[in-house]
Trainee: 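If you scroll down you'll find the structure; I have some questions about it.
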Amino acid sequence: MNDMMIPTMRQKTLKSRINCNGVGLHSGRRVMLTIGPAAAGTGIQFKRIDPAGMGAVIPARWDRVVDTRLCTVIGNSDGVVVSTIEHLMAAFAGLGIDNATIEIDGPEVPIMDGSADAFVFLIECAGVVEQSAARKRIRILKSVSVGDERANAALLPAPFASLDFALDFANPAIGKQEKSVRLAEDAFKRELSRARTFGFAEEVELLRKAGLARGGSLDNAVVIGADRVLNREGLRYGDEFVRHKLLDAMGDLYLAGAPIDGRFLGARSGHALNNQLLRALFADSDAWMLVDDVAALPEWSEAEILQATA
């Protein structure tokens with residue numbers, strides 16, 4: 001490492017408030033959501049402004065996750081929850097937003113078109129501003145993993161932040177898909193933000209009987225039949241399914257409270273394993289450290305980089 005001063009990155013928040021409304025994927029309820037600035041060091045927090053929400057403020061953190069059935073749900077000890085937060089959290093992660101307050105008048109973030117694209121648009125319209133406080137990152141020091149042979153997730157030390165995912169479905173419309181994304185520059189916006197959530201037509205009735213997917217439609221999800229995609233417009237990417245799993249993972253991992261410097265590996269994992277992975281990480285103080293986010297990466301040898309990204 002040379003002696004030249006390396007500038008420290010600063011925390012970011014929104015320049016102004018902006019709102020939207022839409023339908024919750026699982027609740028089917030129409031909700032209003034407002035994203036606004038927050039002071040440095042606040043993090044991402046949700047505030048329920050409807051009477052049933054009792055004005056509860058719930059930090060978007062891994063230790064506030066109370067349910068992971070088909071989405072990520074955060075809550076408090078009074079039973080007040082906000083669900084399906086992962087796509088909005090992915091947008092915050094992808095655009096480098098550290099601090100924001102989200103006011104919502106219902107229990108679920110609107111699904112919009114099933115991707116993070118609408119949230120990216122809203123944040124960019126509101127504008128982004130740097131704050132005085134230094135930004136922090138979570139550096140992975142040793143490998144942490146959860147799951148089994150069927151489904152698993154891991155975080156590994158690496159010279160830069162990246163996401164890898166592999167999925168395998170018997171349905172020929174999906175099949176086997178793998179993708180790796182290095183989280184640099186506008187990679188999230190370019191490669192992941194427009195990938196939509198997906199589900200199977202044969203499961204819709206069962207999900208609705210379980211109180212889920214009540215707001216789902218061809219307008220906000222990719223729906224798969226016996227052997228084909230049922231949406232008239234087809235897919236946005238040939239591998240949209242694995243891209244959406246990477247989007248979900250990015251949102252779930254941002255519940256760590258800071259960006260993660262390391263490599264995420266997921267194989268047939270989902271929200272439950274993503275949260276278990278963060279719990280396993282923070283249970284081992286030797287596996288991570290909090291560092292300043294600087295404008296240059298630590299020096300790794302070529303051999304180390306090849307090993308870490310193999």
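Side chains are part of it too, since the values below use all heavy atoms of this structure and drop only hydrogens, waters and symmetry mates.
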Trainee: Do Ser115 and Asp113 pair up side chain to side chain, a donor and an acceptor below 3.5 Å, judged on atom types alone?
Mentor: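 The criterion, which ignores hydrogens and geometry beyond distance, is satisfied for Asp113 and Ser115.
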
Trainee: Do you reckon Ile44 sits in the same ILVMFWY cluster as Val73, going by side-chain contacts under 4.5 Å, direct or chained?
Mentor: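 No; tracing contacts between hydrophobic side chains, which count when under 4.5 Å, never links both residues.
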
Trainee: Do Asp261 and Arg137 sit within salt-bridge range, that is, some charged N less than 4.0 Å from a carboxylate O?
Mentor: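 Salt bridge present between Asp261 and Arg137.
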
Trainee: Can you check whether Glu108 reaches Leu25 side chain to side chain, under 4.5 Å on heavy atoms?
Mentor: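 They are in contact (side-chain heavy atoms under 4.5 Å apart), so the answer is yes.
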
Trainee: Without hydrogens or angle criteria, can the side chains of Asp164 and Ser180 be said to hold a donor-acceptor pair below 3.5 Å?
Mentor: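 Yes.
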
Trainee: Are His244 and Asp248 linked by a side-chain donor-acceptor pair shorter than 3.5 Å?
Mentor: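 Present: a donor and an acceptor within the cut-off.
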
Trainee: I'd like to know whether Arg135 forms a salt bridge (charged side-chain N to carboxylate O under 4.0 Å, His left out) with Asp292, so could you lay out the CA-CA distance, the side-chain angles of the two residues, the decisive distance to 0.1 Å, and finally the verdict.
Mentor: CA-CA 6 Å; Arg135 194 179 205 216; Asp292 285 341; over 6 Å; no

Trainee: Please report the interatomic distance CE(Met89) to CG(Asp252), rounded to the nearest 0.5 Å.
Mentor: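 Between atom CE of Met89 and atom CG of Asp252 there are 9.0 Å.
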
Trainee: Between Lys179 and Glu191, is there a salt bridge with N-O shorter than 4.0 Å?
Mentor: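 Salt bridge present between Glu191 and Lys179.
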
Trainee: Are the side chain of Asn21 and the backbone N or O of Val31 linked by a donor-acceptor pair below 3.5 Å?
Mentor: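 Side chain of Asn21 to backbone of Val31, a donor-acceptor pair under 3.5 Å: no, none is there.
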
Trainee: Are any non-hydrogen side-chain atoms of Asp293 and Thr8 less than 4.5 angstrom apart?
Mentor: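 A side-chain contact under 4.5 Å is absent here.
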
Trainee: Quick check for you: to the nearest 0.5 Å, what is the distance between Ile174 atom CD1 and Glu240 atom CD?
Mentor: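 Going from the CD1 atom of Ile174 to the CD atom of Glu240 covers 10.5 Å.
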
Trainee: Apply ring-ring contact (aromatic ring centres under 6.0 Å, His included) to the pair Phe200 and Phe169, showing each step before the final yes or no.
Mentor: CA-CA 11 Å; Phe200 297 92; Phe169 282 88; 5.6 Å; yes

Trainee: Would a hydrophobic clustering, with Ile, Leu, Val, Met, Phe, Trp and Tyr connected at side-chain separations under 4.5 Å, put Leu88 with Ile58?
Mentor: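 Result: yes, single cluster for both.
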
Trainee: OG1/Thr72 to NE2/His271 distance, rounded to the nearest 0.5 angstrom?
Mentor: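 It comes to 4.5 Å.
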
Trainee: So with a 6.0 Å cut-off around CZ of Phe121, is the heavy-atom count from everything else above 12?
Mentor: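 No.
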
